[in-house]
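Remember, predicted model here, so these are calculated numbers, not experimental data. Per chain, numbering begins at 1; letters A, B, ... match sequence-line order.
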Protein chains: 2
Amino acid sequence: MAEDRRTRRSRRALGAALVELVLERGFTALTVEDITERADVARATFYAHFRDKEDLFARVTADLLAGLAERLAPVVADSAIGFTGKPVLEMLRHAREERDLYRIVLRGEGDGKPLQMFVDACARATAEEFRARAERNAVQPRIDPELLARVWVGEQIAVLRWWVEQETLSLPAEEVVRMLLDLAMHGRYWASGFEPPA
Amino acid sequence: MAEDRRTRRSRRALGAALVELVLERGFTALTVEDITERADVARATFYAHFRDKEDLFARVTADLLAGLAERLAPVVADSAIGFTGKPVLEMLRHAREERDLYRIVLRGEGDGKPLQMFVDACARATAEEFRARAERNAVQPRIDPELLARVWVGEQIAVLRWWVEQETLSLPAEEVVRMLLDLAMHGRYWASGFEPPA
DNA sequence: GCCAGTTACAGACAGACTGTTCATTAGCCA
DNA sequence: TGGCTAATGAACAGTCTGTCTGTAACTGGC
């Protein structure tokens, strides 16, 4: 008796409706009634499941993050040595599947709070990864790992957003990962075509 | 007769009140009445100047961007050759002066729209800069300049946000610029303490 | 300093949206 | 099938919005 089918149906429909509508009109423009109408659910039912539309959005985002974490877990363990790019690749694949949701989250809909959840989760994981890796390999970071994680995540998010916003996902995920790896290795100076000055 | 003093007073007060209140309670939580009350202005007066609170926020952000552009103009001309970091330094100084506003914009308040204005403005300028520089020095970018600009801006924004959110601005702007330059030069691999593999 | 023109003001207004409650109906699962 | 739980539609007060008054206060030019 894990969960009543009616409950599942309602929640799913409301979540899907939210995503559709945010994509069409933006989060703030939406009414609870808009959402319930699209989901074909009574307004009273909405309030039986969620406090308000922010709550719904937060849960949808949390589910997305949970799904991402689940997919990342096995991959992260493997890439403990260096920047293999495997976790990033897995995230890009996830983003391709859940493209609409990624879009609205990365656009900062909902006062940027879902995005913050996303960024903070990534930053925390990355910082921890950096710390552990430095210790394991006994190297001294040249830049505060906390800040470095923020930078790394900021970069990933920027690329991710650019990627999911393209009408056709013409550039394959593998290409994107390669570019990010090149950047991490050689720096932006190299990427822009210059040889680093002596 | 450029502008009536009363007009100026009202607009300024409303803008300042908005910034204060967003910092305290977040944008969506605010009421037009909250803002007018804090600004000590009649509610009707608000609507004489702005369509709604989004409009007010958008104008405040636009003013900020205009101010930034003004300060950046002379500096950008000088740094045409390479990554001197001067424009970034100037932006950091601007951010220190307008710290509260930078904070709320970078947090993505207002459905991320002001942030988008900010990011897009930066990205456009940066991409143009990259393009011009590559042409002037006759080098071939190794990565799509459009994407490179997004990455660069994403990185800057991440650092900027981290910086303005610190309670004390303990790390001087010059230090931050140095770190960003190091990253641009040598890449993140270097920054994390590793020597780049052959 | 006065005066015409503009702005600020308080209050009132309908309309929309919110979040809650309730009695009733429909669907589920064992 | 029967007991339980969720969904429904309708109604509710309360809040916020955006607009529109007539009146009072101020401003800048003369």
Atom pair distance, as rounded to whole Å: CZ in Arg11(B) and P in dT7(C): 9 Å
SB check Arg103(A) Glu98(A) (cutoff 4.0 Å): no
Any Leu18(B) side-chain heavy atom under 4.5 Å of Leu30(B) side chain: yes
Ionic contact status for Glu33(B) with Arg43(B), cut-off 4.0 Å: no
Neighbours of DNA chain C within residues 37-48 of chain B, by heavy-atom distance under 4.0 Å: Val41(B), Ala42(B), Arg43(B), Ala44(B), Thr45(B)
Between dA4(C) (P) and Asp4(B) (CG): distance, integer Å: 18 Å
Whole-Å distance separating the CD atom of Glu3(A) from the P atom of dG27(C): 19 Å
Student check: side-chain heavy atoms of Phe27(B) and Ile104(B) closer than 4.5 Å: no
Touch class at under 4.0 angstrom, heavy-atom based, for Arg5(A) against every strand present: sugar-phosphate
Spacing between Arg6(A) atom CZ and dT5(D) atom C1', to the nearest angstrom: 5 Å
Side-chain N,O (His49(B)) to OP1/OP2 (dT7(C)) below 4.0 Å: no
Phe50(A) CZ to dT18(C) C1', straight-line distance once rounded to whole Å: 17 Å
Asp120(A) and Arg124(A) ion-paired at < 4.0 Å: no
Given DNA chain D, 5'-ward residue of the pair Arg9(B) and Glu54(B), judged by closest heavy atom: Glu54(B)
Contact under 4.0 Å: Ser10(A) side-chain N or O vs dA7(D) OP1/OP2: yes
Worked verdict on Arg38(A) versus Glu20(A) for salt bridge (charged side-chain N to carboxylate O under 4.0 Å, His left out): CA-CA 9 Å; Arg38(A) 175 68 62 100; Glu20(A) 278 180 31; 2.5 Å; yes
Side chain of Asp52(A) (C-beta onward), nearest among dT27(D), dG19(C), dT5(D): dG19(C)
Backbone of Phe50(A) reached by a side-chain donor or acceptor of Asp55(A) within 3.5 Å: no
Arg51(B) vs Arg8(B), nearer the 5' end of DNA chain D by closest nucleotide: Arg51(B)
Value in whole Å for how far the C1' atom of dA7(D) lies from CG of Leu14(A): 12 Å
